[in-house]
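Structure first, then comments.
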Amino acid sequence: MSLPEPASRSRAAVARPAILRPLEKFLHVEAASGVVLLTAAVAALIWANSPWADSYEALWHAQFALQLGGLSVSESLHFIINDVFMTVFFLVVGLEIRREIHDGALANLRLATLPIFAAAGGVVAPALIYLGLNATPELRHGWAVPTATDIAFALGVLALLGKRVPASLRVLLLALAIIDDIIAILIIALFYSSGVQLLGAGIAVAGAVLVFTWQVLGLRSAWSYVVPGAVVWFGVLQAQVHPAIAGVVLGLLTPVRTAAQRDTLIEMARHSLDRLLGEARESAQIAAPVRRLDSIQRESLAPAARVQMALHPWVAFGIMPLFAFANSGVSLQSVSMGSMLSGSVSLGVLLGLTLGKPMGILLASFIAVRLRLSVLPPQASMGGLLLVGCLGGIGFTMAIFIANLAFASPALLAQAKLAILMGSATSGVVGLIVGWVVLPKGG
């Protein structure tokens, strides 16, 4: 049974949302999240420099206790945000990495080589600038701070350029930022962990085995994976690796293929649609077939896509702004402009983001293209790569996250955070100007 011609749509039109909407929705949510992140960061700065600054610090050091029988755990609100909630952020990162490797910008090696080279250059150049300005071991420990890229802010600035930006450039920036995240995750695991403890690693592996077992048993509810996920998180924590890395592990373990066969889903959808059309003509009782079609639509998505779509808005508009609000409150009284300009940590981070990132990305991309190791995507130019390089200097979320791991000294951490905020803001403004200059109007 078919619909009347005026109400019908081609198969291509029907299929397009299923194929493109996940990526479009991801880009839209990330871009909108940048506005919320900026608001949270500004609010934190205002509060931390107001007469009520002491209450800002006291809030994040407030202790929360949980007791189960004889087991009692007490942690600060800052720990809960940075070590527990950010695990969900890293889970979404892991899911996006998994999806991109399976059928996205990283699935084809020829297409992935350019963002891989660009991301590598965008990590090496800022690190070298930072290390060149910082000689002592305590200061050199922050070398990775200016190497990160914040996807939300970068895509948010790119969205301000509107139709000037070709779709291929958006995908390139997204791929570069995702590879940046992969490198940042490896850096955290290798350089900001105090040596992996075998007992904790064993617990994490046991949790991963539970995840695989649940998958073999056919458990599809996301809630059924909370306990195995908690075991992985606890194991990573006990292994003395940052526990948020557990989110990446769980994201990479999530299946990217649907359990149901395509033909079966099509047959179920056809049966439900026939029933819907029949009941629409005979009665108003169409709720059941509509619910069934919704269920079939969910089943047509792989678990990785379903979990990502469910969690992404919560992460983008809840967890990330909360992290920014908890970590961006730097007292400007403790870090003067003079100390900012003379401090090697702040200079290393600031120059690494504003100069190192665009230089590294552009130079590595130019070399890769000239050596024919990579090709420019359609409608992209070296000017567009310069724009991507400038936006790569927006570090923010991941940069602040690494700074918290790199510096035990509150003074050095404050310098690094303020430099991250200034460097990210400068990179965003410069990127916007470069975009208006190098991209033709109308895309």
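Residues Ser427 and Leu391 are not in side-chain contact: their nearest non-hydrogen atoms beyond the backbone lie 4.5 Å or more apart. Residues Leu373 and Phe117 meet the side-chain proximity criterion, which asks for heavy atoms closer than 4.5 Å. Residues Thr354 and Val430 form no side-chain contact, since every pair of their non-hydrogen atoms from C-beta on lies 4.5 Å or further apart. Between Leu385 and Leu172, some side-chain heavy-atom pair lies under the 4.5 Å cut-off. With a 4.5 Å cut-off on side-chain heavy atoms, Phe407 and Val145 count as touching. Counting heavy atoms from C-beta outward, Leu158 and Leu387 have side chains that approach closer than 4.5 Å. Proximity of Val165 to Leu173: side-chain heavy atoms (C-beta onward) are nowhere separated by under 4.5 Å. In this structure, the side chains of Leu114 and Val375 stay at 4.5 Å or more apart for every pair of heavy atoms.
Checking side-chain atoms of Trp233 against main-chain N and O of Thr87 turns up no donor-acceptor pair under 3.5 Å. A donor-acceptor contact shorter than 3.5 Å links the side chain of Gln215 to the backbone of Leu253. With hydrogens and angles ignored, the 3.5 Å screen pairs no side-chain donor or acceptor of Ser328 with any backbone N or O of Ala41. Checking side-chain atoms of Trp47 against main-chain N and O of Trp52 turns up a donor-acceptor pair under 3.5 Å. Using modelled atom types, one side-chain atom of Ser424 and one backbone atom of Gly395 make a donor-acceptor pair closer than 3.5 Å. Asp150 places no side-chain N or O within donor-acceptor distance of the main-chain N or O of Ile394, the cut-off being under 3.5 Å. Using a distance-only test at 3.5 Å, with no hydrogens or angles considered, no donor-acceptor pair links the side chain of Arg99 to the main chain of Ala304. Using a distance-only test at 3.5 Å, with no hydrogens or angles considered, no donor-acceptor pair links the side chain of Asp83 to the main chain of His242.
Atoms NZ and CG, on Lys417 and Leu412 in that order, are 12.5 Å from each other to the nearest 0.5 Å. Rounded to the nearest 0.5 Å, atoms OG1 (Thr254) and CG (Leu91) are 6.5 Å apart. One finds the CG atom of Leu128 at 11.5 Å from the OG1 atom of Thr147 (value rounded to the nearest 0.5 Å). To the nearest 0.5 Å, atoms CG (Leu174) and CD1 (Ile179) are separated by 9.5 Å. The structure places CE of Met86 at 10.0 Å from CG of Leu322, a figure rounded to the nearest 0.5 Å. In this structure, Ile178 CD1 and Thr149 OG1 are separated by 11.5 Å, a value rounded to the nearest 0.5 Å.
The heavy-atom pair separating Ala118 from Ile361 by the smallest distance is O-CG1, 3.4 Å. In this structure, Gly383 and Val438 approach most closely via the heavy-atom pair O-CG2, 3.5 Å. Heavy-atom minimum distance, Ala403 versus Ala416: CB-CB, 4.3 Å. The two residues Leu439 and Arg164 have their closest heavy-atom pair at O-NH1, 2.8 Å. Looking at every heavy atom in both residues, Pro243 comes nearest to Leu237 through CG-CD1, 3.9 Å. Shortest non-hydrogen contact noted between Leu161 and Gly435 is CD1-CA, 3.8 Å.
For the ring-ring contact (aromatic ring centres under 6.0 Å, His included) test with Phe401, the passing option among Phe89, Phe90, Phe85 is Phe90; the others fail.
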Working note: Trp436 + Leu432, criterion side-chain contact (heavy atoms from CB on, under 4.5 Å); need CA distance, chi angles, decisive distance, verdict. CA-CA 6 Å; Trp436 280 97; Leu432 196 59; 4.0 Å; yes

Test side-chain contact (heavy atoms from CB on, under 4.5 Å) on Ile151 and Asp181 and set out the steps. CA-CA 9 Å; Ile151 299 178; Asp181 283 343; 3.4 Å; yes

Let's go through Leu45 and Leu421 carefully: what are the C-alpha distance in whole Å and the side-chain angles of both, what is the deciding distance for side-chain contact (heavy atoms from CB on, under 4.5 Å) to 0.1 Å, and is it a yes or a no? CA-CA 10 Å; Leu45 276 173; Leu421 296 176; 3.9 Å; yes

With side-chain contact (heavy atoms from CB on, under 4.5 Å) as the criterion, how do Met398 and Ile187 come out once you've worked through the C-alpha distance, each side chain's angles and the decisive distance to 0.1 Å? CA-CA 12 Å; Met398 193 68 81; Ile187 288 173; over 6 Å; no

Quick one: do Trp60 and Tyr56 satisfy ring pair (Phe, Tyr, Trp, His ring centres under 6.0 Å)? Show the steps, please. CA-CA 7 Å; Trp60 310 119; Tyr56 176 84; 5.8 Å; yes

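His78 and Asn327 share a donor-acceptor pair across their side chains, judged by distance under 3.5 Å alone.
In this pair, Trp143 and Tyr192 present their aromatic rings parallel. The plane angle is below 30°, not in the 30 to 60° band. The aromatic rings of Phe153 and Phe396 sit perpendicular to each other, their planes meeting at more than 60°, with 30° as the lower class boundary.
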